[in-house]
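Below is one structure; the comments refer to it alone.
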Amino acid sequence: ADQQFVLTLEHKALFSTLYYTALRVGEATMLKVEDFYPERNEVEVYRLKKRGPDIPRDMIAVPEVYMDTIQHYIEEYEISNGEVFDYTPRTARNRIEEINDAYKYVIGDFDHTEKLTPHKLRHARVTAIANHSGIEEAGDFVNHSSVDITDAYRHIATEEQREFLPEESDDIGEVKPEVQQLMDELDISSKDQLIEQLKIIKDM
């Protein structure tokens, strides 16, 4: 290959921030070291869309896996205070473009692969929360003013897609009554066990 794409810890930290916080890129580049509370897995974030004399701020919960990533990045890059990402929103978009290029380089530029943008990460997080908990909860997380706005972000979810829940849940999703009845008859407590039993029956 005549090109080599290197994905760094900086790429991972920015990508994770845009996804797990669902911030707009301008809001993400405003984050400071002191905005992170690793002992509580919380981040104090800016809300640029509702700015007035002062930019409003919210405290949001993030998963431990994200906090570990951002703390590792801060330590490795020796960022003691100030902005975590010391560059402009334009530079942040360029970093995502680099990730997009590496992605396309590895898997090929297929027709079905959309260009990766910071806003797609926000959409993905809204979808994950909405499918797991509800559209109102997703809207609250990203500070939308109405459910209609949140619904425009969310990808349509089928009941099957509800099994793909955010990382902190052990829930297996809603089980349809007829599936639950079959699980009860077979004395099975999980969908995985049911699938294995059906495979055995099929092979008999």
Side-chain angles (χ1 to χ4, degrees), residues 11-32 35-52 54-71 73 84-85 89 92-93 95-97 99-100 103 112-177 179-180 190-191:
H11 288 110
K12 183 178 180 180
L14 177 63
F15 190 97
S16 298
T17 296
L18 291 169
Y19 175 70
Y20 286 116
T21 66
L23 291 175
R24 299 173 180 89
V25 67
E27 296 164 341
T29 56
M30 294 175 69
L31 288 173
K32 297 179 174 61
D35 295 331
F36 291 86
Y37 298 85
E39 69 282 357
R40 305 199 309 258
N41 289 330
E42 294 178 358
V43 185
E44 190 172 11
V45 300
Y46 295 89
R47 301 297 189 188
L48 288 177
K49 280 282 188 177
K50 296 188 175 181
R51 75 164 74 198
D54 298 307
I55 299 174
R57 307 200 71 186
D58 280 331
M59 193 71 77
I60 63 169
V62 294
E64 187 174 354
V65 63
Y66 166 64
M67 193 60 75
D68 289 345
T69 296
I70 202 70
Q71 289 301 112
Y73 164 72
V84 173
F85 304 106
R93 292 186 183 92
R95 294 291 189 274
I96 298 300
E97 186 74 30
I99 297 173
N100 186 73
Y103 171 69
H112 68 273
T113 58
E114 296 184 24
K115 181 178 180 180
L116 183 63
T117 66
H119 212 63
K120 281 191 172 65
L121 298 174
R122 182 174 167 88
H123 276 240
R125 193 58 173 165
V126 168
T127 297
I129 296 172
N131 291 350
H132 173 48
S133 299
I135 194 72
E136 291 185 3
E137 288 79 4
D140 287 342
F141 187 81
V142 293
N143 202 234
H144 279 160
S145 58
S146 74
V147 172
D148 291 341
I149 295 173
T150 311
D151 200 43
Y153 271 58
R154 184 176 61 142
H155 297 278
I156 300 302
T158 65
E159 287 304 310
E160 289 76 17
Q161 289 172 330
R162 291 185 185 278
E163 292 183 52
F164 300 94
L165 302 178
E167 58 294 322
E168 293 187 342
S169 175
D170 294 327
D171 190 8
I172 62 172
E174 183 179 335
V175 179
K176 293 182 179 180
V179 175
Q180 186 62 60
S190 76
K191 288 182 179 179

Nearest 0.5 Å, what's the CD1-CG distance between Ile99 and Leu121?
-> 8.0 Å

Does Pro56 offer a backbone N or O that forms a donor-acceptor pair with the side chain of Arg47 under 3.5 Å?
-> no

Return the orientation label for the Tyr66 and Tyr20 ring planes: parallel under 30°, perpendicular over 60°, tilted otherwise.
-> tilted

Any donor-acceptor N/O pair, Ser16 side chain to Ala13 backbone, under 3.5 Å = no

Hey, could you give me the CD/OG1 distance between Glu27 and Thr21, rounded to the nearest 0.5 Å?
-> 8.0 Å

Nearest atoms (heavy-atom pairs only) where Tyr19 meets Ala128 = OH-CB, 3.7 Å

When rounded to the nearest 0.5 angstrom, what is the spacing between CD in Glu39 and CE in Met67?
-> 8.0 Å

Find the distance between CG (Leu48) and OG1 (Thr29) and round it off to the nearest 0.5 Å.
-> 8.0 Å

May I have the step-by-step check of side chain to side chain contact (heavy atoms under 4.5 Å, CB included) for Ile70 and Val43, ending in yes or no?
-> CA-CA 11 Å; Ile70 202 70; Val43 185; over 6 Å; no

Rounded to the nearest 0.5 Å, the OH atom of Tyr37 sits from the CE atom of Met59 at a distance of 4.5 Å

With no hydrogens and no angle check, is any side-chain donor or acceptor of Arg122 less than 3.5 Å from a backbone partner on Ala22?
-> yes

Without swapping roles, check the side chain of Asp68 against the backbone of Val65 for a donor-acceptor pair under 3.5 Å.
-> no

Is the backbone of Val84 close enough, under 3.5 Å, to the side chain of Tyr73 for a donor and an acceptor to pair up by distance?
-> yes

All heavy atoms of Val25 vs all of Pro118, minimum pair found to be CB-CB, 4.2 Å

To the nearest 0.5 angstrom, please state how far the CD atom of Glu44 sits from the CD1 atom of Ile60.
-> 10.5 Å

Might you point out which heavy atoms bring Pro89 and Gly26 nearest each other, and give the distance in Å?
-> CG-CA, 4.0 Å

More than 12 heavy atoms of other groups within 6.0 Å of Glu97 CD = yes

Give the intermediate values and the outcome of side chain to side chain contact (heavy atoms under 4.5 Å, CB included) for residues Tyr46 and Asp35.
-> CA-CA 10 Å; Tyr46 295 89; Asp35 295 331; 4.0 Å; yes

Taking side chain as C-beta onward, heavy atoms only, is Arg93 less than 4.5 Å from Ile96?
-> no

